[in-house]
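Everything numeric in this text was worked out from a predicted model, so none of it was measured.
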Amino acid sequence: MKNLTLKQLRYFEALARDGRFRRAADACAISQPALSMQIKELEQELGSELFERSAREVKLTPFGQTFALRVREILRAVDELGEFARASRDSFLTRLRIGIIPTIAPYLLPTVINDLNNTFAGIQIEVRETQTGKLVQELTQGQLDMAIVALPVSEASLTELELFREEFVLVRRQEDGDKPVPEREALREMRLLLLEEGHCFRDQALSFCKVGPARPREIMEGSSLSTLVQMVGAGIGITLIPEMAVAVETRSAPVSIARFPSPPPSRTIGMVWRNSTPMAKQLQEVAEAVRRSAETMRRQHARG
């Protein structure tokens, strides 16, 4: 297979990931016919079909599924060669691909980017916001350099570094602000507003309230913390949000904030990266910048 190219492998990986020629072509910054031709040439070189094609989408064939696993290993190794070259050439970062979960991004990210720009002059920062499961997948496949998530992730191929801990607070209607904070057993009897399936913060809130799948009708879902807080302000129920979200999400909603007695519910925020990355030293410096960002944000909230 002398004619197999790295470019073809990247095109294949994009199509396998997106499932549509148009989206994959846009991601690769080429035309759809050009992408289709490259995939066809790759299949001819391999002597096997990689995709089942239909009018609306494409799906991997059994051979394509096995081939995709090997391609991702190859592309990850190639990306790490580039990282190794950058790490050995530069004493500072010039490009950083950051993943971050939605319950952290709007509150911490602006300060993080500012601190990283001050720490690493001329750095190019690329941000990807999505749920933890997708971030871990993209991290292990070499599409991200690091991610800021709630720990633990418990993925053997990733290094976890704790950055800070933060409490959860109770959000209620404004007129309920003077009422005692309910015991967590009592929360199960209230209408609890939670993020939709897939968010780790949802699981953490359910765990604290000791709510299982047997009580689905008392739970309502939202796509963001902002939506949940606005629903509380409209009198629909109660919710829990992380401390870092309070200043932003309660500015325009008629709600009250209450802290739980000790020990309060909390989460650990940390950074994760691949064990094999040659950028580990620089990522440690990034972790220190994120810690400073979190401390700056906390001081700003305290003054507010």
Side-chain angles (χ1 to χ4, degrees), residues 98-112 127-138 147-153 165-177 179 181-260 264-270 294 297-298 301 304:
I98 301 175
I100 188 165
I101 58 177
T103 57
I104 298 176
Y107 321 112
L108 184 60
L109 196 57
T111 311
V112 165
V127 178
R128 166 78 161 133
E129 179 189 351
T130 189
Q131 296 174 8
T132 302
K134 292 181 181 178
L135 291 179
V136 169
Q137 180 183 9
E138 294 176 12
I148 302 173
V149 297
L151 299 181
V153 171
R165 294 179 65 85
E166 68 165 347
E167 296 180 9
F168 302 161
V169 298
L170 176 66
V171 185
R172 301 182 288 186
R173 298 182 308 165
Q174 201 166 51
E175 50 265 44
D176 293 336
K179 293 181 179 180
V181 178
E183 299 289 337
R184 61 179 175 175
E185 289 77 10
L187 295 176
R188 291 179 293 177
E189 307 304 321
M190 301 178 180
R191 180 174 288 176
L192 186 59
L193 309 179
L194 296 172
L195 291 174
E196 58 195 3
E197 292 281 354
H199 290 274
C200 58
F201 187 76
R202 170 196 174 94
D203 299 330
Q204 293 159 348
L206 283 173
S207 176
F208 172 72
C209 298
K210 296 184 178 179
V211 176
R215 302 180 63 86
R217 283 180 292 183
E218 284 80 5
I219 295 174
M220 297 185 67
E221 297 180 342
S223 60
S224 68
L225 294 179
S226 179
T227 299
L228 297 184
V229 173
Q230 292 298 327
M231 290 168 71
V232 172
I236 294 176
I238 63 168
T239 193
L240 277 65
I241 64 173
E243 248 183 324
M244 69 170 68
V246 170
V248 173
E249 302 302 352
T250 61
R251 286 181 302 194
S252 61
V255 297
S256 61
I257 299 298
R259 293 186 176 274
F260 292 98
S266 64
R267 65 177 178 177
T268 301
I269 305 302
M297 181 184 64
R298 287 177 176 178
H301 289 179

**Student:** Atom CD of E221 and atom OG1 of T227: how far apart are they, to the nearest 0.5 Å?
**Tutor:** 12.0 Å

**Student:** Less than 4.5 Å apart, any side-chain heavy atom of V169 and any of I241?
**Tutor:** yes

**Student:** Taking T239 for its side chain and L193 for its backbone only, find out whether a donor-acceptor pair lies under 3.5 Å.
**Tutor:** yes

**Student:** Ion pair present between E243 and R298, side-chain N to carboxylate O less than 4.0 angstrom?
**Tutor:** no

**Student:** Using only atom types and a distance under 3.5 Å, with no angle test, would you say the side chain of R202 pairs donor to acceptor with the backbone of L195?
**Tutor:** yes

**Student:** To the nearest 0.5 angstrom, please state how far the CD atom of E129 sits from the OG1 atom of T103.
**Tutor:** 9.0 Å

**Student:** Rounded to the nearest 0.5 Å, what separates atom CD in Q137 from atom OG1 in T130?
**Tutor:** 10.0 Å

**Student:** Are I257 and V171 close enough, and set up right, to give a side-chain contact (heavy atoms from CB on, under 4.5 Å), and what steps lead you there?
**Tutor:** CA-CA 5 Å; I257 299 298; V171 185; 3.7 Å; yes

**Student:** Shortest non-hydrogen contact from R267 to I104?
**Tutor:** NH2-CG1, 3.6 Å

**Student:** Can you check side-chain contact (heavy atoms from CB on, under 4.5 Å) on V149 and L151, steps first, answer last?
**Tutor:** CA-CA 6 Å; V149 297; L151 299 181; 4.0 Å; yes

**Student:** Looking only at non-hydrogen atoms, find the nearest pair between L240 and F201 and report the distance.
**Tutor:** O-CE2, 3.1 Å

**Student:** What closest approach, in Å, do L194 and A205 show between heavy atoms, and which atom pair accounts for it?
**Tutor:** CD2-CB, 3.7 Å

**Student:** Looking at every non-hydrogen atom in both residues, tell me the closest pair between C200 and T132 and how far apart they are.
**Tutor:** SG-OG1, 3.8 Å

**Student:** Any idea which heavy atoms bring L187 and P182 closest together, and the distance?
**Tutor:** CD2-CG, 3.6 Å

**Student:** Search all heavy atoms of L108 against all heavy atoms of M244 and return the closest pair with its distance.
**Tutor:** CB-SD, 4.5 Å

**Student:** Are the side chains of R128 and L135 in contact, using a 4.5 Å heavy-atom criterion?
**Tutor:** yes

**Student:** Do the side chains of Q230 and S252 get nearer than 4.5 Å, heavy atoms only?
**Tutor:** yes

**Student:** Only one of E167, E166, R165 passes side chain to side chain donor-acceptor pair (under 3.5 Å) with S266; say which it is.
**Tutor:** R165

**Student:** Quick check: does any side chain N or O of S256 sit under 3.5 Å from a backbone N or O of R173, one acting as donor and the other as acceptor?
**Tutor:** yes

